[in-house]
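Structure first, commentary second.
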Amino acid sequence: MMDEPNVGADTHIRLLAGRNSAGRPVFEVLPARVLGEHSFELSGSPGLVLGCAAGDVLQVADDGTFEVTKRGANVCIQAYRGGPFSSEDLAGLEAGLTALNGLTEAPADRRFIVGTVAREVGLPAIERVMNDWAASVDNTEWWFGNAD
C-alpha cells in the first residue's frame, strides 16, 4: 500500500469482494480517508463487499481482506435484480431513503443500487422502505450489507 501514510488524505482502497467462477479475486474500489498505515475510514458504502458501510474504520491488508476495527454510524443496503434498474426504479428508492435522511448511489449502468442510512433510524424503518420499494420493482432483492 503506502510507505508513509498521508493521515487525513482522501484516497481509494481496494477491498476483496469475493472470487469469480474461475477462482480469481474480485475487488471493489471505494473512497476512504487515511487514518494510518493500512487503517482507513470508509467514505462510501460498498455495492459488492459485505461487512462494512460508510463511516466504518477498516484495517486493510495488501490482499484486500479487511477487518472492521470500529463500527460507524451507518447501515449499508445493497439491491440487485437480474438486469439494470431503470432511472425510475432508482428515483423511487432515492425518494424512500431520502425520507430517512439516507443516501442512494448506483453506477452509471445501474446494475446495482447502494443505500446508506444512519443506524439510529432503526432497522424496522429501513426494512419498511426497502420492502415497499422492492415489491414495486420486478426481480429485486435487497439486503443489509453490514448487518450485525
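Note: hydrogens, waters and symmetry copies are ignored here, and every other heavy atom, side chains too, is used. We number each residue from 1, following the sequence as shown.
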### Query
Above 12 or not: heavy atoms from other molecules or residues under 6.0 Å from CZ of Arg24?
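No, the 6.0 Å shell around CZ holds no more than 12 heavy atoms from other groups.
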### Query
Does atom CD of Glu127 have more than 12 heavy-atom neighbours from other groups under 6.0 Å away?
yes
### Query
Could you walk me through whether Asn74 and Val117 pass the side-chain contact (heavy atoms from CB on, under 4.5 Å) check?
CA-CA 5 Å; Asn74 296 309; Val117 179; over 6 Å; no
### Task
Tell me, with the steps shown, if Val60 and Leu15 meet side-chain contact (heavy atoms from CB on, under 4.5 Å).
CA-CA 8 Å; Val60 182; Leu15 300 180; 3.9 Å; yes
#### Entry: Ala134 versus Trp142, closest heavy-atom pair with distance
CB-CD1, 3.8 Å
Is there side-chain contact between [X] and [Y], with heavy atoms separated by less than 4.5 Å?
X     : Y      : value
Leu97 : Met130 : yes
Arg81 : Val137 : yes
Val75 : Leu123 : yes

### Query
How long is the span from the CD atom in Glu94 to the CD atom in Glu105, to the nearest 0.5 Å?
10.0 Å
Would you mind writing out the side-chain donor-acceptor pairs for residues 39-56 within the sub-3.5 Å range, not counting sequence neighbours?
{"residue": "Glu41", "atom": "OE1", "partner": "Arg33", "partner atom": "NH2", "Å": "2.3"}
{"residue": "Ser45", "atom": "OG", "partner": "Ala54", "partner atom": "N", "Å": "3.0"}
{"residue": "Ser45", "atom": "OG", "partner": "Thr116", "partner atom": "OG1", "Å": "2.7"}
{"residue": "Asp56", "atom": "OD1", "partner": "Gly72", "partner atom": "N", "Å": "2.6"}
{"residue": "Asp56", "atom": "OD2", "partner": "Ala53", "partner atom": "N", "Å": "2.9"}
{"residue": "Asp56", "atom": "OD2", "partner": "Arg71", "partner atom": "NH1", "Å": "2.8"}

### Query
Sequence neighbours excluded, which residues qualify as ring-ring contact (aromatic ring centres under 6.0 Å, His included) partners of Phe85?
Trp133
### Task
Would you sort out whether Ile13 and Glu28 count as a side-chain contact (heavy atoms from CB on, under 4.5 Å), showing the intermediate values?
CA-CA 8 Å; Ile13 58 175; Glu28 183 171 5; over 6 Å; no
